[in-house]
Amino acid sequence: AKTYAEKGKYQIDANKEFFGLGIANVVSSFFQSYPTTGGFSRTAVNAEAGARSALSSMISALVIIVSLTVLIDLSAFSALPYAALGSIVIAAVSGLFEW
């Protein structure tokens with residue numbers, strides 16, 4: 001989060017972020033849901049695509065939901081090797097490092 005705060009020239013309070021994640025995990029434990037974490041790779045993809053608002057996160061979440069519900073049934077993801085999926089994440093996150 002600090003990397004994107006520096007790039008976007010805005011302030012961020014890491015304590016508030018961790019507090020929010022903690023509260024979300026406590027509340028979600030009552031509903032048998034998965035623990036929440038920061039969406040670092042999704043943030044990296046949005047930043048590389050030039051996204052500037054929270055609407056882009058909502059659109060990417062919608063695309064993820066649709067792809068998981070529709071394409072899983074069609075076995076579109078089962079044919080992709082793990083190396084291809086890993087390379088997508090690496091390519092998205094590699095822009096965060098200063099080489």
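Since the model is a prediction, treat every value here as computed from it, not as a measurement. The figures that follow rest on heavy atoms only: side chains count, while hydrogens, waters and symmetry mates do not.
- Between the side chain of S33 and the backbone N or O of S28, at least one donor-acceptor pair lies under 3.5 Å.
- Taking Ile, Leu, Val, Met, Phe, Trp and Tyr as hydrophobic and joining them when side-chain heavy atoms fall under 4.5 Å apart, one finds M58 isolated, its cluster having no other members.
- Hydrophobic cluster of V26: the remaining members, joined at side-chain heavy-atom separations below 4.5 Å, are F19, I23, V27, F30, F31, listed by chain and number.
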